[in-house]
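In this text the structure is predicted, and so the values were computed from the model without any measurement. Note that ligands are numbered from 1 as they come in the structure, with each ligand's atoms numbered from 1 the same way.
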Amino acid sequence: MKIRDCEFELGAVRPVQWPTDGLPEFAFLGRSNVGKSSLLNRLLNRKSLARVSANPGKTREINFYRINESFRFADLPGYGYAQVSKQQRSQFLKMMDTYLLQRIPLSLVIQLVDIRHQPSADDVERHQRLLSLGRAVIVVATKADKLSKSRVQISLRDIQECLHTPVPVLPVSSMKGTGIDELWSYIEQAMGG
Ligand code: GTP
Ligand code: MG
């Protein structure tokens, strides 16, 4: 994918703030610190377009990025951050659910899990929720550069088994660029081209 232009568009805390022009949208979902912003920056070939929160887990915003005037990335706030209260957590899950349930232009959800760890209960729950909503989803296992090639293969199988999922798990590294072209293929396919 050739990135001609991309810009941070807005951070939304409420559905009324979501962009309304209907451009196809791709959402990045995962635990805090899993590497969402890094992946977004890597895909777009920008060093620091995606905002890295100084206050992890506290961000309630969905950050929208507009690319080539033809599609959008949505960086969803990270879940599973230990420092948030139960009430914050449930508020946050509700907002995310509203987005996943109601967002019409949402074409594909890219769910991130850390390749070095077993998916958390939150990861499994989010994944099952996506499947039950009938959302198109792909799982990417981040930070693949941290494992040897043979460990990567074992880990991918473990992740797929743990998530109880038929969807592919793609290893990526934002640091090394591994898997980025493959991920673009999935995104382009979901765009219908
Ligand atoms: P929140 O916005 O807090 O939810 O985090 P995030 O999911 O956006 O994660 P972020 O991209 O900020 O990355 C978190 C940490 O992981 C940073 O220290 C990154 O440098 C590191 N990281 C991200 N991707 C990779 C990767 O591919 N390889 C390695 N080795 N480190 C990575
Ligand atoms: Mg981030």
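At least one heavy atom of Asp145 sits less than 4.0 Å from an atom of ligand 1. At least one heavy atom of Ser173 sits less than 4.0 Å from an atom of ligand 1.
Evaluated by nearest non-hydrogen atom to atom 13 (O) of ligand 1, the leading choice among Ser32, Ser38, Pro171, Ala144 is Ser38.
Counting only distance, with no hydrogens or angles, the side chain of Asn68 and the backbone of Lys2 share a donor-acceptor pair below 3.5 Å. Proximity of a side-chain donor or acceptor of Asp97 to a complementary backbone N or O of Lys94 within less than 3.5 Å is not detected.
Which parts of ligand 1 touch Gly35 is read off a 4.0 Å heavy-atom cut-off, strictly below it: atoms 6 (P), 7 (O), 9 (O), 10 (P), 11 (O), 13 (O), 23 (C). Using a 4.0 Å cut-off to heavy atoms of Gly78, the atoms of ligand 1 that qualify are 4 (O).
Of the candidates Phe73, Phe8, Trp18, Phe64 forms a side-chain contact (heavy atoms from CB on, under 4.5 Å) with just one, namely Trp18.
For ligand 1, the polar-atom distance check against Val172 finds no nitrogen or oxygen pair separated by under 3.5 Å.
At a heavy-atom distance under 4.0 Å, only side-chain atoms of Lys146, from C-beta outward, approach ligand 1.
The Mg ion (ligand 2) lies at 2.8 Å or more from every N, O or S atom belonging to Ser32.
Salt bridge Asp114/Arg31: absent, no basic N to carboxylate O contact under 4.0 Å.
Within the model, atoms CE of Met1 and CG of Leu183 stand 11.0 Å from one another, a figure rounded to the nearest 0.5 Å.
At a threshold of 4.5 Å between non-hydrogen side-chain atoms, the residues Gln189 and Leu108 do not count as touching.
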